[in-house]
Structures are given as C-alpha cells and as structure tokens.
Amino acid sequence: QVQLVESGGGLVQAGGSLRLSCAASGRTFSSYAMVWFRQAPGKEREFVAGITWIGGTAYANSVRGRFTVSRDKDKNTMYLQMNSLKPEDTAVYFCAADGRVRRLAIVTTQSEYDYWGQGTQVTVSS
C-alpha cells in the first residue's frame with residue numbers, strides 16, 4: 001500500500017521557519033516528480049513547490065525565494081524548507097507524487113498527481 005505521510009507542521013510566528021517532510025512508503029518515487037500543495041481555509045488548493053526526478057524545481061511566485069524544496073531519494077522523502085513565513089502561508093500543506101514517470105517539468109494541475117498525503121497544518125501568527 002502506497003502512503004505519503006507529511007510531518008513538521010506547527011505554529012510559528014511571522015518571520016520564523018519550518019521544515020516539512022513527506023515520507024513515502026510502499027513504493028519508490030525516485031523516478032517521479034513530487035510536489036507540495038496547500039489549502040487555506042475557504043480557498044482552493046494551490047501549488048506551492050515541486051521537484052522533478054532529476055532535481056529540477058519549480059515554485060509558486062508567492063513563495064519563491066523563501067521556500068526550498070528538496071528530496072532524499074535514499075530515504076524516499078521530500079522536504080520543504082520554509083523561511084520568512086508570513087500569516088498568509090497559513091494552510092494545510094499536502095505532498096503528492098506524479099502519476100507519470102520521469103516527467104521533466106513540474107505541472108501544477110492536481111489531477112496529474114496520483115498519490116497524496118493527508119496533510120499537515122502550518123499556522124503562522126502575526
């Protein structure tokens with residue numbers, strides 16, 4: 001059974017940092033892109049950042065320069081380092097894995113991702 005499990009969320013003050021992890025089990029995702037989405041209360045789920053199977057990255061404009069996505073293929077885990085957090089970053093953060101092997105570009109369409117975690121809450125206080 002394939003599982004993606006996010007961890008590392010929590011409550012932090014504006015300007016602080018958090019590091020999210022997404023641990024995969026049941027299958028190796030070394031040849032698949034992996035991404036982070038987030039969903040704030042009352043808003044649609046939106047793309048945050050992603051990393052291809054060869055390490056290419058993409059970011060939403062709202063987080064570029066503050067967030068960094070990375071992965072450890074040996075651990076089958078993806079990370080999201082979030083710095084300079086703002087109250088508007090408050091959301092549930094979800095990780096997901098691509099349904100297509102060896103895609104060279106990050107797509108921001110949710111339906112392209114076959115596997116999803118349950119989400120981790122990030123709350124940034126002002």
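Any value given below was found using the heavy atoms of this structure, including those in side chains, with hydrogens, waters and symmetry copies removed. Every value quoted in this text rests on a predicted model; they were computed, and no experiment measured them.
Remark: the backbone N or O of Ala23 is not paired with any side-chain donor or acceptor of Thr77 at under 3.5 angstrom. Looking only at distances, a side-chain donor or acceptor of Thr52 sits under 3.5 Å from a matching main-chain atom of Gly55. Here the side chain of Tyr59 pairs a donor or acceptor atom with the backbone of Val69 at under 3.5 angstrom.
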Determine, step by step, whether Asn83 and Ser17 satisfy the side chain to side chain donor-acceptor pair (under 3.5 Å) criterion, reporting the C-alpha distance in whole Å, the side-chain angles of both residues, the deciding distance to 0.1 Å, and the verdict.
CA-CA 4 Å; Asn83 298 329; Ser17 299; 2.9 Å; yes

Checking Arg66 against Asp89 for the salt bridge (charged side-chain N to carboxylate O under 4.0 Å, His left out) test, could you report, in this order, the C-alpha distance in whole Å, the side-chain angles of both residues, the deciding distance, and whether it holds?
CA-CA 11 Å; Arg66 300 187 297 121; Asp89 294 318; 2.7 Å; yes

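There is no path of hydrophobic side-chain contacts, each under 4.5 Å, that joins Ile51 to Tyr113. Placement of Val48 and Tyr115 within a single hydrophobic cluster is found when ILVMFWY residues are connected by side-chain heavy-atom separations under 4.5 Å, directly or transitively. Note on Phe94: it does not cluster hydrophobically with Met78, by side-chain heavy-atom contacts below 4.5 Å among ILVMFWY residues. Val107 and Leu4 fall into different hydrophobic clusters, where Ile, Leu, Val, Met, Phe, Trp and Tyr are joined by side-chain heavy atoms under 4.5 Å apart, directly or via other members. Hydrophobic clustering (ILVMFWY, side-chain heavy atoms < 4.5 Å, transitive): Phe29 and Ile54 are in distinct clusters.
The local environment of NZ in Lys73 is crowded, with over 12 non-hydrogen atoms from other residues, nucleotides or ligands closer than 6.0 Å.
For the residue pair Ala91 and Ala40, the shortest heavy atom distance occurs at CB-N, 3.8 Å. Annotation for Leu18 and Val12: closest pair CD1-CG1, 4.0 Å, computed over non-hydrogen atoms. Between Gln121 and Val92, the shortest heavy-atom distance links the atoms OE1-CG2, 3.2 Å. Of all heavy-atom pairs between Val5 and Gln118, the closest is CA-OE1, 3.8 Å. Residues Asp98 and Arg100 share a closest heavy-atom pair of OD1-N, 3.1 Å. Heavy-atom minimum distance, Cys95 versus Glu6: N-OE2, 2.8 Å.
Residue Asn76 holds its CG atom at 9.0 Å from SG of Cys22, rounded to the nearest 0.5 Å. Atom OG1 in Thr57 sits 12.0 Å away from atom CZ in Arg71 (nearest 0.5 Å).
Looking only at side-chain heavy atoms (C-beta outward), Leu20 and Tyr79 stay at 4.5 Å or farther from each other. Here the side chains of Val35 and Ile106 are in contact, with some heavy-atom distance below 4.5 Å. Glu46 is listed as a side-chain neighbour of Arg38, based on a closest heavy-atom distance under 4.5 Å. You'll find the side chain of Trp36 stays beyond 4.5 Å of the side chain of Phe67, heavy atoms only. Taking the side chain as every heavy atom from C-beta outward, Leu80 and Thr68 never approach each other to under 4.5 Å. Between Arg19 and Ser7 the shortest side-chain heavy-atom distance does not fall below 4.5 Å.
Counting only N and O atoms by type, the side chains of Glu88 and Thr90 include no donor and acceptor under 3.5 Å apart.
Cation-pi geometry between Arg45 and Trp116 is met: the NZ or CZ atom falls under 6.0 Å from the ring centre, inside 45° of the normal. Judged by the 6.0 Å and 45° rule, Arg27 forms a cation-pi pair with Tyr32.
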